[in-house]
Each structure stands twice: as structure tokens, then as C-alpha cells.
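Counting starts at 1 for both ligands and their atoms, following the listed order.
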Amino acid sequence: MHSKITILTGDRPTGPLHLGHFVGSLRQRVALQHEYQQYILVADLQGLTDNGSTPQKIRDNIPEVLADYLAAGIDPALTTICLQSALPALAELTALYMNIVTVARVERNPTVKNEIAQKGFARSLPVGFLVYPISQAADISAFKAEVVPVGDDQLPMIEQTNEIVQKMNSLLPAPVLRHCKAMLSDTSRLPGIDGSAKMSKSLGNTLLLSASEETIHRAVSAMYTDPAHLKVSDPGQIDGNVVFTYLDAFHPDKTKVAAMKAHYQQGGLGDRTCKNELEVCLQELIAPMRERRATYIQDKGMLMSLLKKGSERAHDITQQTLREVKLGLGVPVF
Ligand code: ATP
Ligand code: MG
């Protein structure tokens, strides 16, 4: 039991979860929870780094994300779900790590750079936002996680975490922290329903795990295909065709999708038929999650008590890592 490898992932409670989360990370977590010691962190402090003036938004989305986890198949008996702000060791490790990372290094992180530009922060950039990769390194290393199932936007965070682990371990008489590896899924970056690079809460191009039948229908109908594919008999392009990207990501029958692609490229397969195929598979995927979720979200007391229990369990583990780091650094531990 204690020899199981540890997984740590998390989500910012900035809104309900969407299909990007599902294929990028959540689906793996559901599968991996049986073989690994898994922790999921509801990263409310990280959510606040770009929502500092609207804390209520973060507070309100905590139960939303919890309901999504359970609806997707996360089993709290197998996975410990915990709250970042309830684990003070994470903040303390962040404070210690901040001294071994340069401003130049955080500014170079491509994901952070991209997000700063996207959010148009300029001089109003919150300090907390700039350094969130450091707090993420604290999160991962506090659990001594070795595997992190994430979307590809998180690769720079894993790289930075490993640099911090390396540097911190070199300051200690014996290594305390573990290196970690990203685990990418087959769809490590799901485009938005508008065809833009990434489905993201901040970009408003999502299909939620709680989407209604009508919303799914409208999203698929409006999806971008091949603009040059005018007649059914015309040969069509697969590259950049969002309908096929989604069929690859979600359709359970890969052979059928391969045959559809060949047919489409050759000519003779209409966009309508492809969209119908996609809509059926998305409706089938989302309907049971939407139903389960509707039940869970009615009992916020149950959801929050589950989070409290998980946080209590995670408290001891993260405190222990903090203690080992402090002792190694020669910080008095009372
Ligand atoms: P925000 O816009 O608030 O940052 P987000 O939609 O990017 O929200 P996060 O909470 O930042 O979601 O991401 C949680 C996890 O889901 C991360 O592992 C991230 O890589 C993954 N993820 C998010 N969006 C996608 C996507 N479109 N494709 C694949 N993985 C994704
Ligand atoms: Mg994000």
C-alpha cells in the first residue's frame, strides 16, 4: 500500500469543469486512482491570483468543481480531494522556494507569459500571479508526487518544479523532495468549440460537463469544419477540422473514426453526417455526468465535508515534508 506511487493534480475553482479538463486530465485521474496514491488539490489560492478582487467567485466554484469530480467518476474512497488554502505547509514551502527562484526565471515561463498577455495585465499584474508556478512547485513537491496528469499547458510548470526540487535538494544534507513527470493524455490540448487553440474557462469557448442537451446540439452545429468542403462529394480536409479533432478525442470506436476520415478526405462524406456522429457521442458522454452532477450539487454540505476530510488527511503529509525541508535548511522546528 505505502509503496504506491503518488499522483498530485489540481484545478483552479474558477468555474465548472469542461471537456478540456476531462480529456486533458480528469479521465486519466479516474483510471489511475486504482493503482496510484492519488491527491487532487482544489487550487483556490491559485484561483485567487487573477481573481483577487472577486474572492466570492472562487468560493462559489469550489462545490461546482467537487460535483464535477464525483460526476466524472472520482471516488473519494480512492482519491484524496483537498483544499489548497487549508494546507498551510504549501504556503510555507512557497515562501521558502521563492528565495531560490529568480524573477528572470518566472518571467521566462512560456505559459505564464502567454497568460499575462492574454489577460492584458501589463503593470497591473498581481505579484501572486507571476509567482504561481512557484506555489505549484510547492503543491506538487509537498505531496512528494512523482506523476502529474496534466494538459500540455502545464509542461513548463513541471519543468520549473523539477528545477526547484533539484536546487532545494542540493541545499539539504540529503534529498527530501522528489522529481516529477507530467503524464500527457492523447488529447493534451483540446481546442475550444470555436476552433481556437485551447478550450479554457477564461476564453468562454467551453462545453461544460454539465452542458444541457440543447447546448451540446448548438455547439456541435456551430463547429468549424473545412470551409472549402462545399459539396458532399468534394474531398475534405481533416487538419484543423474541429469536428474530427473532437471525434478523435471522444469517439469510443477509433476504427470507425479512421474510416470516416478516409471517406471525408476522398469525398462523399458530408459535414452534417460527421456532426451527427459527434453529437451522439458527446450527448452519450455528457448525459450521465450531467445527471449525477445535478444530484451532487444539491448537497453542498456533503461536498464540503468531503473536502474537509480530504484536507485533514493531506495536512499531515504536507506538514511532514515542510518539517523535513526546514530541518534540512537548519530552520528551528519547535
Ligand atoms: P483558467 O482559464 O481559469 O486557467 P482552465 O480552463 O485553464 O482555467 P485549469 O484549472 O487552469 O483550467 O486547468 C486544470 C487542468 O486541466 C490542467 O491540468 C490543464 O492542463 C487541464 N486543461 C485545461 N484546459 C485544457 C484543454 N483545453 N485541453 C487539455 N487539458 C486542459
Ligand atoms: Mg489554466
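With 3.5 Å as the limit, one finds a donor-acceptor pair spanning the side chains of Asp60 and Gln56. For the residue pair Thr9 and Arg29, a side-chain donor N or O sits within less than 3.5 Å of a side-chain acceptor on the partner. No hydrogens or angles considered: a donor-acceptor pair under 3.5 Å links the side chains of Arg313 and Thr80. Looking at His179 and Gln166, their side chains do bring a donor and an acceptor atom within 3.5 Å of each other. In this structure, a donor-acceptor pair under 3.5 Å is present between the side chains of Asn205 and Ser196. When only modelled atom types and interatomic distance are considered, Thr79 and Gln33 share a side-chain donor-acceptor pair under 3.5 Å. Counting only N and O atoms by type, the side chains of Gln136 and Gln154 include a donor and acceptor under 3.5 Å apart.
Taking each of Lys201, Lys198, Gln154 in turn, the one with a heavy atom nearest to atom 7 (O) of ligand 1 proves to be Lys198. Nearest to atom 29 (C) of ligand 1 by heavy atom, out of Ser196, Gly20, Pro191, is Gly20.
Given atom 9 (P) of ligand 1, the protein heavy atom at minimum distance is His21 NE2, 3.8 Å. Closest to atom 6 (O) of ligand 1 among all protein heavy atoms lies His18 NE2, 3.0 Å. Here the protein heavy atom with the shortest distance to atom 2 (O) of ligand 1 is Ser202 OG, 2.4 Å.
Atom numbering of ligand 1 starts at 1 in the shown order; those under 4.0 Å from a heavy atom of Met199 are 24 (N), 25 (C), 26 (C), 27 (N). Distances below 4.0 Å separate heavy atoms of Asp11 from the following atoms of ligand 1: 10 (O), 14 (C), 15 (C). Annotation for ligand 1: atoms under 4.0 Å from non-hydrogen atoms of Gly24 are 29 (C), 30 (N).
For Arg12, a nitrogen or oxygen atom sits less than 3.5 Å from a nitrogen or oxygen atom of ligand 1, counting backbone and side chain alike. Ligand 1 has a nitrogen or oxygen under 3.5 angstrom from a nitrogen or oxygen of Leu190. Between Ser200 and ligand 1, at least one N/O pair is under 3.5 Å apart. Residue Val150 has no nitrogen or oxygen atom sitting less than 3.5 Å from a nitrogen or oxygen atom of ligand 1, judged on distance alone. For ligand 1, one of its N or O atoms has an N or O atom of Asp153 under 3.5 Å away. Residue-to-ligand polar distances place Gly151 within reach of ligand 1: an N/O pair is separated by less than 3.5 Å.
Between Tyr132 and Phe129, the ring planes lie perpendicular to each other; the angle is over 60°, past the 30° to 60° tilted range.
Taken together through direct or relayed side-chain contacts under 4.5 Å among Ile, Leu, Val, Met, Phe, Trp and Tyr, Leu8 and Tyr36 form parts of separate hydrophobic clusters.
Under 4.0 angstrom from ligand 1, there are no non-hydrogen atoms of Ala43. Under 4.0 angstrom from ligand 1, the non-hydrogen atoms of Thr14 all belong to its side chain.
Within the structure, the closest approach of Glu115 to ligand 1 does not fall below 4.0 Å when heavy atoms are considered.
Between Arg12 and Asp50, at least one side-chain nitrogen of the basic residue sits less than 4.0 Å from a carboxylate oxygen of the acidic one, meeting the salt-bridge criterion.
The distance between the ring centers of His229 and Tyr264 falls below 6.0 angstrom.
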